[in-house]
Amino acid sequence: MTKLDSFVAAQGDRMLDELKQLLRIPSVSTSPDHAGDCRRAAEWVADHLRALGCPSVELVASETHPVVVADGPRVPGKPTVLVYGHYDVQPPEPLELWDSPPYEPTIRNGNLYARGATDDKGQFFAVVKAFEAVMRSGKPPVNVRFLIEGQEESGSDILFGLLEKRPELVEADVAIVADTQYWAPGWPAIEVGLRGICYGEITVRTAKGDLHSGLYGGVAPNAHDTLVRILAKLKSSSGRINIPGLYEAVKRPAKVERDAWKKLPFNERRFMREEVGAKALTGLSRYSVFERLWGLPTFEIHGIVGGFTAHGAKTVIPAEATAKVSLRLVPNQRVKTVERLLKRAVKDLAPPYADVSVTFIHGADPVLVSIDHPAFGVIDEAFREVEGRGVVFTRSGGSIPVVPVLGKRGAAVMMAGLGLPDDRLHAPNEKLGVDQFLKGVRVFGRFLTALGR
Ligand code: BES
Ligand code: MN
Ligand code: MN
């Protein structure tokens, strides 16, 4: 056992107690009702980093969802590590499906249950605790800058604005993003790609107001009927998205990368039954599941608003209907272009009698990172020591909007997460394995120390 390991063994419970404090703050960024909680979470993180010995800690760019920018002590001649994370979380609803309340962090069977446990409070806090561990002698082995934002779950506009004004904030040798996942228990992963996203709303209006479905049914246009016909045309049952031009920019993963994916331990049937919990997998079946998840765009309908959905029956022809939709984007596609293509496709599919509009809500560009920086060998070795296995290289179908910008000034972007595939992020009973957290502190502690050599 190294000194680092015995420190973590001795201090692990205290570290978890601190994490629980942060998890008790309901910092949901997608709802203005929680602006005060987001501010409180930012202050908690800032106070914590100050107490750990960061000589410079700022809350910047917003009153309600500030970015925490904190620098560790300067160590001249040593590399700089940028630590990215987000203190905001997704809404916890439906509450009745949680076995313990989302903001009362609870440990059961070796897992810490709470909203934000894995996404992302528990993960970035593991890096914070690794920093604490290597700071014990007073001087860290490398320069560390924390960049912890509070708006990742709603598009990161504030952080984008900040980095436009102060691009030097991402000047670093390595940027650690601990907001992703292991491949499987015991299989740490470096994610080399993320999909992007283009999220919006399609609204259809077909009449001045709602109408009696008996008196007018048969002649009056129905907004929901019109909307679902448009939606149905946007994607065929084979999984092909019918947005002209959408696939033009798509850059297929190289054969070597696809071949490497074939070597990942994976049981498609079990994935379908247990992880997805479904009787079939959909999408373009001539592509592998991995290529469908990581290398191809998607079109999803998240919900349809309007009309009558209350208990019982109401005979009405709705005059307005709105669908929340998003596309996931893959390397080489751009949010701006896809937004334009979606708007045009919807317009072209709309019947002349309907007023149809598309409103953009938020977006993120996809990203692919290069792994030829020596830091990737260092993290691989750290995982090897702690986990008994080095990293596998995967991608993720999820999005982290700021990641493409983190590498703009030359930093090697290292997406090394601690989550497990069954962590249920964004869903009820989100959790983080206590051992995943503690192993993470040891891995990142080793990483920071070794990078300083
Ligand atoms: N941390 C996730 C994304 C993620 C999860 C990446 C697992 C890789 C592995 C992030 O917090 C997230 O949920 N992002 C949102 C994007 C956003 C703009 C709403 C997403 O992907 O839906
Ligand atoms: Mn996240
Ligand atoms: Mn998330």
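For ligands, and for the atoms within them, numbers begin at 1 and follow the listed sequence.
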Counting only heavy atoms, which portion of Glu191 has something under 4.0 Å from ligand 1: side chain, backbone, both, or neither?
-> side chain
Tell me, which protein residue and heavy-atom name are nearest atom 8 (C) of ligand 1, and how many Å apart are they?
-> Ser396 OG, 3.1 Å
So, Gln90 versus Thr30: side-chain donor-acceptor pair below 3.5 Å or not?
-> no
Closest Asp119 atom to the Mn ion (ligand 2) [N, O or S only] | OD1
Note: heavy atom closest to atom 16 (C) of ligand 1, options Gly397, Gly398, Ser399, belongs to Ser399
Do any N/O/S atoms of Asp179 come under 2.8 Å of the Mn ion (ligand 2)?
-> yes
Side chain, backbone, both or neither: Asp120 near ligand 1, heavy atoms under 4.0 Å | neither
Please work out whether the ring planes of Trp261 and Trp294 are parallel, tilted or perpendicular, with thresholds of 30° and 60°.
-> perpendicular
Could you tell me if any non-hydrogen atom of Arg195 lies under 4.0 Å from any atom of ligand 1?
-> no
From CA spacing to verdict: side chain to side chain contact (heavy atoms under 4.5 Å, CB included), Cys54, Phe131 = CA-CA 10 Å; Cys54 286; Phe131 172 72; 3.8 Å; yes
For ligand 1, is any non-hydrogen atom under 4.0 Å from Glu153's backbone (N, CA, C, O), its side chain (CB onward), both, or neither?
-> both
for atom 11 (O) of ligand 1, nearest protein heavy atom and its distance come out as Glu152 OE1, 2.7 Å
Apply the test side chain to side chain donor-acceptor pair (under 3.5 Å) to residues Lys121 and Ser27: give CA-CA distance (whole Å), side-chain angles for both, the deciding distance (0.1 Å), then the verdict.
-> CA-CA 10 Å; Lys121 289 170 175 174; Ser27 44; 2.9 Å; yes
Could you tell me whether the side chains of Arg24 and Gln21 share a donor-acceptor contact shorter than 3.5 Å?
-> no
Nearest-option assignment for atom 7 (C) of ligand 1, heavy atoms, candidates Asp179, Thr118, Asp88 | Asp179
Can you label the angle between the Tyr84 ring and the His86 ring as parallel, tilted or perpendicular, going by 30° and 60°?
-> tilted
Are Glu104 and Tyr113 close enough that a side-chain donor and a side-chain acceptor fall under 3.5 Å?
-> no
Within less than 4.0 angstrom of ligand 1, does Pro401 place any heavy atom?
-> yes
Number the atoms of ligand 1 from 1 as they appear, then name those within less than 4.0 Å of a heavy atom of Leu425, with their elements.
-> 5 (C)
At the Mn ion (ligand 3), what's the angle from Glu153 OE1 to His426 NE2, rounded to 10 degrees?
-> 90°
Look at Glu257 together with Arg395 and state whether they make a salt bridge at an N to O cut-off of under 4.0 Å.
-> yes
Winner among Gln90, Met415, Arg328, His426 once heavy atoms are compared against atom 22 (O) of ligand 1 = Arg328
Pair Arg108-Ser100, side-chain donor/acceptor within less than 3.5 Å = yes
Number the atoms of ligand 1 from 1 as they appear, then name those within less than 4.0 Å of a heavy atom of His362, with their elements.
-> 18 (C), 19 (C)
Can you list the atoms of ligand 1 that are under 4.0 Å from a heavy atom of His86?
-> 11 (O)
Could you tell me whether Lys129 sits above the aromatic face of Phe444, with NZ or CZ closer than 6.0 angstrom to the six-membered ring centre and within 45 degrees of the axis?
-> no
Polar atom proximity, Thr180 to ligand 1 (N or O, under 3.5 Å) = no
Assess the side chains of Ser29 and Ser154: does a donor N or O sit below 3.5 Å from an acceptor N or O?
-> yes
